[in-house]
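Both counts, for ligands and for their atoms, begin at 1 and track the order of listing.
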Amino acid sequence: MKKLLMIPGPSPVDRRIQDEMGRETIAFGDAAFVADFKEVLSQLKAFFDCSGEVFVIAGSGTLAMEMAAANVTKAEDNVLIISHGYFGDRFVEIFEHKRRNVDVLRSEWGEIVPLEEIKAALDAKKYAAVVVTHVDTATGVMAPIAEIGKIVKSYEDTMYIVDGVCATAGIEEKVDAMGIDILLTGSQKAFGVAPGLALLWASNAAMERRASLGIIPEYYCDFDKWIPIMHDPSKYFATPPVNMIWALKESLAIIGEETIEGRYARHIKTAKAMQTALETLGFTILANPDYRAYTLSNVIYPEGTDDAQFRKVLAEEGVQVAGGLGPYAGKMFRLGHMGNIDAHDMISVIAAIERTMKRCGMEVTMGAGVAAVQEALF
Ligand SMILES: *Cc1c(COP(=O)(O)O)cnc(C)c1O
């Protein structure tokens, strides 16, 4: 059976993108590659409304998180982290390793930190940066990043960092218009590229902050080292992942064909269809419906379901999903539905879930979930 990769990243990699990774590698100084890299950078700025800088480097999303922390804050700075789950908590560790003074606002899993709480924290203390995860992959909660951006902007000299790893290219993000100073992601989630690239957008204010810090302890992820390359990719600092940048270029071509607005609308429609079908089949979605992500669903089992058995059978039926994290380990599975997937994939996923339920002895009306997806999509 064909296996659909429906974990929260890597998401399925389209054949067109795979082919770019299989091309013969050329010199990074080759004029053809330099032109391709330049085009990637300018498209990234345009799609995400960024008049500042964009960085594309070899690494995963976590490197981009570290890059954000390293370039706009320094030791002893106060940093406010809004955590809606596991990946929000990862920022706490990153900033603490760098000896920043970290305050954390945590929500219950499935809920968000109320905006008034964020405002109250910012009134009480001066922060060098506020950090939020757009979609926390552990909870499937989507933060109201535009609203938080409005609040942060009213405090002078506070940088606004948004982790878009499970959102960027799937859920609307506009760097300038939303008052974001740093937006970051990895290639393997809603861009639908294989793992391997860290992407980061920085506002002009973020670049001014970087300049004010002087020499920083980090080397590979220092903005200052990369700026000359991002302005002129024929220059060398560290070898760019040539084939991965081609893969990203193809993913941007796919986004261009679909239009970025069309892609965002498709993710909303996909999420609603999948979530409705899952609820029809008797599952519960963890996140509060007001803050539910469009890129993945965190799906709580009906009482008495054996998680390990369910996911094993589902894999045999052709769909790979991820397990729950933290307090939801064993009680939930996580289903990615981001990037380059289509109606064929969604219908197959729900059909495979129905077969799995049957095989696991759960109560199921075959076709009920599929009917719900079809109704929601067409
Ligand atoms: C996946 C993910 C990360 C980590 O990215 P890696 O590429 O695994 O390093 C960070 N934040 C969020 C929200 C994620 O979903």
Enumerate the ring pair (Phe, Tyr, Trp, His ring centres under 6.0 Å) contacts for residues 114-161, please, sequence neighbours excluded, ordered by first and then second residue.
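Pairs touching residues 114-161 that pass the test: none.
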Write out each pair where an N or O from ligand 1 and one from the protein are under 3.5 Å apart, with the distance.
unit_1	atom_1	unit_2	atom_2	d
ligand 1	7 (O)	Gly61	N	2.8
ligand 1	7 (O)	Gln188	NE2	2.8
ligand 1	9 (O)	Ser60	OG	2.6
ligand 1	9 (O)	Gly61	N	3.3
ligand 1	9 (O)	Thr62	N	2.8
ligand 1	9 (O)	Thr62	OG1	2.5
ligand 1	11 (N)	Asp163	OD2	2.8
ligand 1	15 (O)	Thr137	OG1	2.3
ligand 1	15 (O)	Lys189	NZ	2.7

Relative to each other, are the rings of Phe55 and Phe223 parallel, tilted or perpendicular (30° and 60° limits)?
parallel
Mind checking what makes side chain to side chain donor-acceptor pair (under 3.5 Å) contact with Glu250, not counting sequence neighbours?
Arg16
Would you say Ile171 ends up clustered with Phe48 if hydrophobic residues are merged whenever their side chains have heavy atoms under 4.5 Å apart, either directly or through other cluster members?
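No.
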State, with a plain yes or no, whether a side-chain heavy atom of Leu248 is found less than 4.5 Å away from one of Leu199.
yes
Hydrophobic clusters join Ile, Leu, Val, Met, Phe, Trp and Tyr when side-chain heavy atoms are under 4.5 Å apart, directly or via other members; which others share one with Met338?
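None; Met338 is a cluster of one.
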